[in-house]
Amino acid sequence: MKIGELANAAKCSTETVRFYEKEGLLPETERTEGNYRQYNSAHVERLRFIRNCRALDMTHGEIRALLSWMDAPKDSCGAVNALLDEHIGHVDARIEELLQLKDQLCDLRAQCPAEQTVDACGILQGLTLMETEPKSERHTHLG
(Lines give C-alpha, C1' and ligand atoms only; values in the text may rest on other atoms or scores of the structure.)
Protein backbone atom coordinates (compact mmCIF):
# COMPACT_ATOMS: atom_id res chain seq x y z
CA MET A 1 0.00 0.00 0.00
CA LYS A 2 1.05 3.61 -0.52
CA ILE A 3 1.44 6.21 2.22
CA GLY A 4 -2.11 7.56 1.88
CA GLU A 5 -3.55 4.08 2.24
CA LEU A 6 -1.41 3.47 5.31
CA ALA A 7 -2.52 6.76 6.82
CA ASN A 8 -6.18 5.91 6.20
CA ALA A 9 -5.79 2.44 7.69
CA ALA A 10 -4.17 3.91 10.82
CA LYS A 11 -6.56 6.89 10.94
CA CYS A 12 -3.86 9.54 10.73
CA SER A 13 -2.36 11.91 8.18
CA THR A 14 0.43 11.25 5.73
CA GLU A 15 2.42 13.93 7.57
CA THR A 16 2.15 11.84 10.74
CA VAL A 17 3.47 8.80 8.89
CA ARG A 18 6.42 10.80 7.54
CA PHE A 19 7.10 12.28 10.99
CA TYR A 20 7.28 8.86 12.65
CA GLU A 21 9.52 7.62 9.86
CA LYS A 22 11.83 10.60 10.38
CA GLU A 23 11.83 9.94 14.14
CA GLY A 24 12.85 6.34 13.47
CA LEU A 25 9.69 4.88 15.02
CA LEU A 26 8.52 3.45 11.70
CA PRO A 27 11.10 1.41 9.82
CA GLU A 28 12.37 2.22 6.35
CA THR A 29 10.21 0.77 3.61
CA GLU A 30 10.91 -0.66 0.22
CA ARG A 31 10.27 1.56 -2.77
CA THR A 32 8.53 0.80 -6.02
CA GLU A 33 10.13 1.38 -9.40
CA GLY A 34 8.33 4.73 -9.39
CA ASN A 35 10.08 5.56 -6.07
CA TYR A 36 6.90 5.30 -3.99
CA ARG A 37 7.19 3.90 -0.49
CA GLN A 38 5.55 0.49 -0.24
CA TYR A 39 3.86 -0.36 3.08
CA ASN A 40 2.23 -3.53 4.39
CA SER A 41 0.04 -4.70 7.28
CA ALA A 42 3.02 -4.74 9.66
CA HIS A 43 3.41 -0.99 9.13
CA VAL A 44 -0.29 -0.48 9.88
CA GLU A 45 0.04 -2.47 13.11
CA ARG A 46 3.17 -0.60 14.20
CA LEU A 47 1.68 2.80 13.37
CA ARG A 48 -1.46 1.98 15.35
CA PHE A 49 0.74 0.88 18.26
CA ILE A 50 2.66 4.19 18.12
CA ARG A 51 -0.54 6.21 17.97
CA ASN A 52 -2.01 4.29 20.92
CA CYS A 53 1.13 5.02 22.93
CA ARG A 54 0.95 8.71 22.03
CA ALA A 55 -2.72 8.76 23.07
CA LEU A 56 -1.46 7.58 26.48
CA ASP A 57 0.99 10.53 26.51
CA MET A 58 4.09 8.38 26.14
CA THR A 59 7.26 10.02 24.90
CA HIS A 60 9.05 8.94 21.75
CA GLY A 61 11.77 7.47 23.96
CA GLU A 62 9.25 5.34 25.81
CA ILE A 63 7.68 4.24 22.53
CA ARG A 64 11.10 3.42 21.09
CA ALA A 65 11.83 1.24 24.12
CA LEU A 66 8.47 -0.53 23.87
CA LEU A 67 9.00 -1.15 20.16
CA SER A 68 12.44 -2.61 20.81
CA TRP A 69 10.94 -5.00 23.35
CA MET A 70 8.17 -5.93 20.92
CA ASP A 71 10.87 -6.84 18.44
CA ALA A 72 12.24 -9.36 20.99
CA PRO A 73 9.04 -11.30 21.77
CA LYS A 74 10.74 -14.13 23.70
CA ASP A 75 12.34 -11.80 26.28
CA SER A 76 10.81 -11.13 29.69
CA CYS A 77 8.30 -8.29 29.89
CA GLY A 78 9.69 -7.04 33.23
CA ALA A 79 11.17 -3.95 31.59
CA VAL A 80 7.82 -3.20 29.94
CA ASN A 81 6.12 -3.38 33.33
CA ALA A 82 8.77 -1.10 34.85
CA LEU A 83 8.38 1.43 32.03
CA LEU A 84 4.62 1.52 32.49
CA ASP A 85 4.95 1.83 36.27
CA GLU A 86 7.28 4.78 35.76
CA HIS A 87 4.87 6.34 33.28
CA ILE A 88 2.02 5.96 35.79
CA GLY A 89 4.22 7.84 38.28
CA HIS A 90 4.62 10.65 35.76
CA VAL A 91 0.85 10.76 35.30
CA ASP A 92 0.35 10.89 39.09
CA ALA A 93 2.77 13.83 39.32
CA ARG A 94 0.98 15.64 36.51
CA ILE A 95 -2.40 15.06 38.18
CA GLU A 96 -1.02 16.60 41.38
CA GLU A 97 0.22 19.62 39.41
CA LEU A 98 -3.18 19.98 37.74
CA LEU A 99 -4.99 19.74 41.10
CA GLN A 100 -2.79 22.54 42.44
CA LEU A 101 -3.56 24.60 39.35
CA LYS A 102 -7.28 23.99 39.82
CA ASP A 103 -7.05 25.16 43.45
CA GLN A 104 -5.31 28.36 42.35
CA LEU A 105 -7.95 28.99 39.69
CA CYS A 106 -10.81 28.33 42.13
CA ASP A 107 -9.25 30.73 44.66
CA LEU A 108 -8.96 33.32 41.92
CA ARG A 109 -12.55 32.73 40.78
CA ALA A 110 -13.79 33.21 44.36
CA GLN A 111 -12.40 36.75 44.24
CA CYS A 112 -15.21 37.78 41.87
CA PRO A 113 -18.40 36.05 43.03
CA ALA A 114 -20.79 38.26 41.07
CA GLU A 115 -20.83 40.16 37.80
CA GLN A 116 -19.64 43.74 38.21
CA THR A 117 -17.67 46.38 36.34
CA VAL A 118 -14.33 45.29 34.98
CA ASP A 119 -12.44 47.81 37.13
CA ALA A 120 -13.88 46.08 40.23
CA CYS A 121 -13.28 42.53 38.97
CA GLY A 122 -11.53 40.54 41.68
CA ILE A 123 -10.12 38.09 39.15
CA LEU A 124 -8.32 40.78 37.19
CA GLN A 125 -7.15 42.45 40.41
CA GLY A 126 -5.97 39.11 41.74
CA LEU A 127 -4.03 38.40 38.57
CA THR A 128 -2.44 41.83 38.80
CA LEU A 129 -1.45 41.47 42.45
CA MET A 130 -0.50 37.80 42.38
CA GLU A 131 3.17 37.19 43.12
CA THR A 132 4.94 35.53 40.24
CA GLU A 133 6.76 32.52 41.52
CA PRO A 134 9.80 31.07 39.82
CA LYS A 135 8.84 28.38 37.41
CA SER A 136 8.84 25.19 39.41
CA GLU A 137 10.51 22.10 38.11
CA ARG A 138 7.97 19.70 36.72
CA HIS A 139 8.18 16.21 38.08
CA THR A 140 7.21 14.44 34.90
CA HIS A 141 9.09 13.11 31.92
CA LEU A 142 7.64 15.91 29.78
CA GLY A 143 9.84 18.55 31.41
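Model, not experiment: these values are computed from the prediction. The figures that follow rest on heavy atoms only: side chains count, while hydrogens, waters and symmetry mates do not.
Considering only heavy atoms from C-beta on, F19 stays 4.5 Å or farther from L25 through its side chain. Looking only at side-chain heavy atoms (C-beta outward), R64 and T59 stay at 4.5 Å or farther from each other. Residues Y36 and I3 are not in side-chain contact: their nearest non-hydrogen atoms beyond the backbone lie 4.5 Å or more apart. Residues V44 and M1 form a side-chain contact, since some pair of their non-hydrogen atoms from C-beta on lies under 4.5 Å apart.
Closest approach of L127 to L108, counting heavy atoms only: CD2-CD2, 3.5 Å.
A salt bridge links R37 with E21; the closest basic N to acidic carboxylate O contact falls under 4.0 Å. Taking the charged nitrogens against the carboxylate oxygens, D107 and K102 have no contact shorter than 4.0 Å, which rules out a salt bridge.
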Derivation and outcome, side-chain contact (heavy atoms from CB on, under 4.5 Å), residues L67 and I50: CA-CA 9 Å; L67 288 169; I50 294 165; 4.1 Å; yes

Quick one: do E62 and C53 satisfy side-chain contact (heavy atoms from CB on, under 4.5 Å)? Show the steps, please. CA-CA 9 Å; E62 289 170 323; C53 290; over 6 Å; no

Stepwise side-chain contact (heavy atoms from CB on, under 4.5 Å) test for R94 and D57: CA-CA 11 Å; R94 184 65 181 134; D57 210 24; over 6 Å; no

Steps toward side-chain contact (heavy atoms from CB on, under 4.5 Å) verdict (W69, D75): CA-CA 8 Å; W69 294 320; D75 290 354; 5.7 Å; no

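Between the OG atom in S41 and the CG atom in L6 there is a gap of 10.5 Å [rounded to 0.5 Å]. If you take CE on M58 and CG on L83, they are separated by 6.5 Å, rounding to the nearest 0.5 Å. To the nearest 0.5 Å, atom CE of residue M70 and atom CZ of residue R46 are 6.5 Å apart.
Between Y20 and H43, the distance separating the two ring centers is not shorter than 6.0 angstrom.
Taking a 6.0 Å sphere around CD of E30, one finds it holds 12 or fewer heavy atoms contributed by other residues, nucleotides or ligands. Within 6.0 Å of CD in E45 there are 12 or fewer heavy atoms belonging to other residues, nucleotides or ligands.
R48 places a side-chain N or O within 3.5 Å of a backbone atom of A9 that can act as its donor or acceptor partner.
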